[in-house]
> 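Quick one: structure below, then a few questions.
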Amino acid sequence: VEGLINKERNRAAELFLAARKTNDPSKKKELLTSSYNILNDLIKKYPSSPLNQKLKSHIVVVQRELDKLRE
């Protein structure tokens, strides 16, 4: 399970980094939302995982970036 979580977390991280690199606000929002959804789904699917604290901290970072787009 932890291997799967890490694999998905890395996928979310790649989306996050791609979002940081793009200048297109709609593409950035799409990438960040995908990253957020992956992380959130992992927490819902594996609520007892010891990696949840790490996932939650990543969600906070992604949410901050999404909030910046709304400003």
> Return the minimal non-hydrogen interatomic distance between Ser35 and Ala12, and the atom names on each side.
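Here Ser35 and Ala12 meet closest at OG-O, 2.9 Å.
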
> From the options Thr33, Leu15, Ile59, select the one residue that forms a side chain to side chain contact (heavy atoms under 4.5 Å, CB included) with Ile38.
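Passing option: Leu15.
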
> Arg20 versus Lys28: any side-chain heavy-atom pair under 4.5 Å?
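Answer no - side chains too far apart.
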
> Between Lys68 and Glu71, is there a salt bridge with N-O shorter than 4.0 Å?
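No, Glu71 and Lys68 are not salt-bridged.
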
> Apply side chain to side chain contact (heavy atoms under 4.5 Å, CB included) to the pair Arg9 and Leu55, showing each step before the final yes or no.
CA-CA 8 Å; Arg9 190 171 58 87; Leu55 294 172; 3.7 Å; yes

> Measuring from atom CG of Asn37 to atom NZ of Lys44, what distance do you get when rounded to the nearest 0.5 angstrom?
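Interatomic distance, Asn37 CG to Lys44 NZ, rounded to 0.5 Å: 8.5 Å.
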
> Taking all non-hydrogen atoms of both residues, which atom of Glu8 and which atom of Leu42 are closest, and how far apart?
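Where Glu8 meets Leu42 most closely, the heavy atoms are CB-CD1, 3.6 Å.
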
> Please round to the nearest 0.5 Å and tell me the distance separating atom CG of Leu39 and atom CD of Gln63.
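It is 11.5 Å, given to the nearest 0.5 Å.
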
> Do the non-hydrogen side-chain atoms of Glu2 and Pro50 ever get within less than 4.5 Å of each other?
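Answer yes - side chains close enough.
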
> Has Thr22 got a side-chain atom pairing as donor or acceptor with Ala19's backbone, closer than 3.5 angstrom?
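Judged by distance alone, no pair lies under 3.5 Å.
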
> Would you mind reporting whether Leu4 and Tyr46 have side-chain heavy atoms less than 4.5 Å apart?
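A side-chain contact exists here, since the closest heavy-atom pair is under 4.5 Å.
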
> Output the distance between atom CG (Asn52) and atom NZ (Lys54), rounded to the nearest 0.5 Å.
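The distance works out to 12.0 Å.
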
> Going through the distances and angles, do Phe16 and Leu31 end up as a side chain to side chain contact (heavy atoms under 4.5 Å, CB included)?
CA-CA 6 Å; Phe16 178 79; Leu31 292 166; over 6 Å; no

> Find the distance between OG (Ser57) and CG (Leu51) and round it off to the nearest 0.5 Å.
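Here the rounded value is 10.5 Å.
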
> Hey, are Glu14 and Arg11 close enough for a salt bridge, meaning a charged N less than 4.0 Å from a carboxylate O?
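Not counted as a salt bridge, because no side-chain N and carboxylate O are separated by less than 4.0 Å.
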
> Of all residues at least two apart in sequence or in a different chain, which pass the side chain to side chain donor-acceptor pair (under 3.5 Å) check with Arg70?
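Expected list: Asp67.
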
> What are the two closest non-hydrogen atoms of Ile5 and Ser49, and how far apart are they?
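Where Ile5 meets Ser49 most closely, the heavy atoms are CD1-OG, 3.3 Å.
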
